[in-house]
Amino acid sequence: MYDDVNKINKRRLDNYYIGLYFYRYTFTISSDSDVSNLVVYFVVGCDVSSRRKLLLVKKCHENNTRFYLEALQHLKSRGLNNIIFCQLENLPIIRKSLKIVYPNAVLIDPIELPIKAIKQYCNSSYKSAIERKYMSLYLHDTLDEYNVSKNEFNEEINQKLILLILEKYLEKIPEYYKYDVELRKVMLNHNFYITFGEKIRKILRKYDKIDNINQVLDEIVIVLTINENHRFINKKTWADLLEYIYKNIDENILESC
């Protein structure tokens with residue numbers, strides 16, 4: 001087994017992707033004498049046709065400080081030379097790795113990080129309400145609208161501890177407003193993260209225990225690649241977004257279309 005993963009990890013990539021999303025999942029592996037955890041990263045790219053494609057499936061062994069550098073270099077060796085952003089946790093080792101391989105790319109915090117951070121301090125319904133309001137802060141047309149919404153958000157959240165946890169994330173939101181709102185939607189892509197995780201968990205529910213991780217990963221890859229030719233943004237909106245990228249970020253984008 002592992003044939004499907006190998007095919008994904010070896011196929012040639014396009015020269016230009018709008019962005020990369022690193023999805024981290026921890027698997028519990030059972031053997032006759034031991035139970036251990038294994039972290040696997042699924043790297044998905046948004047191409048210039050607005051299609052999401054699974055680009056890499058890579059196990060991350062504990063204490064491998066070169067993992068991110070090796071993963072990004074592997075993608076580049078397969079033909080991926082340009083990206084606008086990469087969605088990964090903003091840690092020094094990650095910033096350094098991204099700067100080496102894709103020096104012009106923007107590092108974006110995964111949108112689920114702040115939601116996970118507050119999870120233990122509120123019930124599920126209150127968390128969902130906070131999540132919806134928090135997500136909306138990224139997606140206003142102007143900074144003025146954002147500032148009004150942020151003030152309302154601060155007034156509505158009645159727990160000081162939650163606001164304290166979210167503070168470092170809230171401080172970064174205005175930085176996103178230098179980008180067009182449609183590009184912000186692509187960068188954040190929260191619904192994609194939710195559905196991605198749901199697909200993996202649905203597969204795992206069939207297993208009482210995982211003793212052959214390669215077989216499980218092959219099955220996951222098959223499911224995740226079924227709809228990868230589906231456009232997730234309509235053509236008119238996407239054409240406008242490409243024109244915006246061409247004029248404001250990178251004029252090479254249209255050459256890759």
Checklist entry - Would I84 and V186 show up in the same hydrophobic cluster when neighbours are defined by side-chain heavy atoms closer than 4.5 Å? => result yes
Next on the checklist: Quick check for you: to the nearest 0.5 Å, what is the distance between T237 atom OG1 and K185 atom NZ?
Outcome noted: 7.5 Å
Item to check | Rounded distance (nearest 0.5 Å) linking atom NZ of K150 with atom CG of L137 | outcome: 8.5 Å
Next on the checklist: Are I253 and Y244 packed together at the side-chain level, in the sense that at least one heavy-atom pair is separated by less than 4.5 angstrom?
Outcome noted: no
Checklist entry - Is K7 salt-bridged to D3, cutoff N-O under 4.0 Å? => result no
Could you list the donor-acceptor pairs under 3.5 angstrom formed between side-chain atoms of residues 41-51 and any protein atom two or more places apart in sequence or on another chain?
from: Y41; atom 1: OH; to: R24; atom 2: NH1; distance (Å): 3.3
from: Y41; atom 1: OH; to: Y68; atom 2: OH; distance (Å): 3.0
from: D47; atom 1: OD1; to: S49; atom 2: N; distance (Å): 2.9
from: D47; atom 1: OD1; to: S50; atom 2: N; distance (Å): 3.2
from: D47; atom 1: OD1; to: R51; atom 2: N; distance (Å): 2.9
from: R51; atom 1: NE; to: N229; atom 2: O; distance (Å): 2.8

Item to check | Pair N123, S125: side-chain N/O donor-acceptor within cut-off below 3.5 Å | outcome: yes
Next on the checklist: Please say yes or no: joined through hydrophobic side-chain contacts below 4.5 Å, possibly via intermediate residues, are I173 and V148 part of one cluster?
Outcome noted: no
Item to check | Positive for side-chain contact (heavy atoms from CB on, under 4.5 Å) with L224, one of I8, I203, L54 | outcome: L54
Checklist entry - Under 3.5 Å, is there a donor-acceptor pair between the N15 and N81 side chains? => result yes
Checklist entry - Do N248 and D180 touch side chain to side chain, with heavy atoms closer than 4.5 Å? => result no
Next on the checklist: Any side-chain to backbone donor/acceptor pair from D14 onto Y16? Under 3.5 Å, distance only.
Outcome noted: no
Item to check | Hydrophobic cluster membership, L166 vs I115, 4.5 Å side-chain cutoff | outcome: yes
Next on the checklist: Do L55 and L69 sit in one hydrophobic cluster, given that two such residues count as connected whenever their side-chain heavy atoms are within less than 4.5 Å of each other, even indirectly?
Outcome noted: yes
Item to check | Closest non-hydrogen atom pair, H140 against Y177 | outcome: N-OH, 3.0 Å
Checklist entry - Taking the inter-plane angle between the rings of F27 and Y25 on a 0 to 90° scale, is it parallel (under 30°), tilted (30 to 60°) or perpendicular (over 60°)? => result tilted
Checklist entry - Would you call E198 and R201 a salt bridge, taking side-chain N to carboxylate O under 4.0 Å as the test? => result no
Checklist entry - Between K99 and K96, does a side chain to side chain contact (heavy atoms under 4.5 Å, CB included) hold up when you go through it step by step? => result CA-CA 5 Å; K99 196 70 175 175; K96 183 178 179 181; 5.7 Å; no
Item to check | Test item: I249 and L183 side chains (from C-beta on) under 4.5 Å apart, heavy atoms | outcome: yes
Checklist outcome for this item: In short, Y23 meets G197 closest at the heavy-atom pair OH-CA, 2.9 Å
Checklist entry - Does the side chain of V223 reach to within under 4.5 Å of the side chain of I200, using non-hydrogen atoms? => result no
Item to check | Set of ring pair (Phe, Tyr, Trp, His ring centres under 6.0 Å) partners for Y179, sequence neighbours left out | outcome: none
Checklist entry - Just wondering, do C122 and I162 contact through their side chains at under 4.5 Å, heavy atoms? => result yes
Checklist entry - Where do D218 and V5 come nearest, in terms of heavy atoms and distance? => result OD1-N, 3.0 Å
Next on the checklist: Is it the case that the side chain of R78 and the backbone of R11 share a donor-acceptor pair, with hydrogens and angles ignored and the cut-off at 3.5 Å?
Outcome noted: yes
Donor-acceptor list for residues 100-107 side chains, cut-off 3.5 Å, not counting sequence neighbours:
from: Y102; atom 1: OH; to: L80; atom 2: O; distance (Å): 2.7

Checklist entry - When you check the gap from the basic side-chain N to the acidic O, do K116 and E89 get nearer than 4.0 Å? => result no
Checklist entry - Does any N or O in the side chain of N90 come within less than 3.5 Å of the main-chain N or O of R95, such that one atom is a donor and the other an acceptor? => result no
Checklist entry - Under 3.5 Å, is there a donor-acceptor pair between the side chain of S77 and the main chain of H74? => result yes
Item to check | Any side-chain heavy-atom pair of L254 and E243 under 4.5 Å | outcome: yes
Next on the checklist: Set out, in order, the CA-CA distance, both residues' side-chain angles and the distance that settles side chain to side chain contact (heavy atoms under 4.5 Å, CB included) for F196 and R52, then state yes or no.
Outcome noted: CA-CA 11 Å; F196 198 100; R52 299 191 192 106; over 6 Å; no
Item to check | Min side-chain heavy-atom separation R205-K202 under 4.5 Å | outcome: yes
Next on the checklist: Contact between L217 and K59 at the side-chain level, heavy atoms closer than 4.5 Å - yes or no?
Outcome noted: yes
Checklist entry - Checking side-chain contact (heavy atoms from CB on, under 4.5 Å) against V57, which of N6, D4, N9 comes through? => result N9
Next on the checklist: If you apply the rule side chain to side chain contact (heavy atoms under 4.5 Å, CB included), what do you find for L242 with Y246, and how did you get there?
Outcome noted: CA-CA 6 Å; L242 292 180; Y246 169 74; over 6 Å; no
Item to check | Between CD1 on residue I233 and CD on residue E182, distance to nearest 0.5 Å | outcome: 6.0 Å
Checklist entry - Which class fits the ring pair Y138 and Y176: parallel under 30°, tilted 30 to 60°, perpendicular over 60°? => result perpendicular
Checklist entry - Under 4.5 Å between side-chain heavy atoms, hopping through other hydrophobics if needed: is there a path connecting L91 to L113? => result no
Item to check | Donor-acceptor under 3.5 Å (T225 side chain, V221 main chain) | outcome: yes
Checklist entry - Between Y21 and F85, how do the two ring planes meet: parallel, tilted or perpendicular, split at 30° and 60°? => result perpendicular
Checklist entry - Any idea which heavy atoms bring R231 and K235 closest together, and the distance? => result NE-CE, 4.0 Å
Checklist outcome for this item: Rounding to 0.5 Å, atoms CD1 (I210) and CG (L204) come to a distance of 5.0 Å
Checklist entry - Once you round to the nearest 0.5 Å, how far does CG of L88 lie from CD1 of I94? => result 4.5 Å
Checklist outcome for this item: On a heavy-atom basis, the closest approach of I108 and M187 is CD1-SD, 4.1 Å
Checklist entry - Rounded to the nearest 0.5 Å, what separation is found between the OH atom of Y169 and the CG atom of D109? => result 6.5 Å
Next on the checklist: For a side chain to side chain contact (heavy atoms under 4.5 Å, CB included) check, start with the C-alpha distance between L75 and L20, then their side-chain angles and the critical distance, and finish with the verdict.
Outcome noted: CA-CA 10 Å; L75 294 171; L20 301 177; 3.8 Å; yes
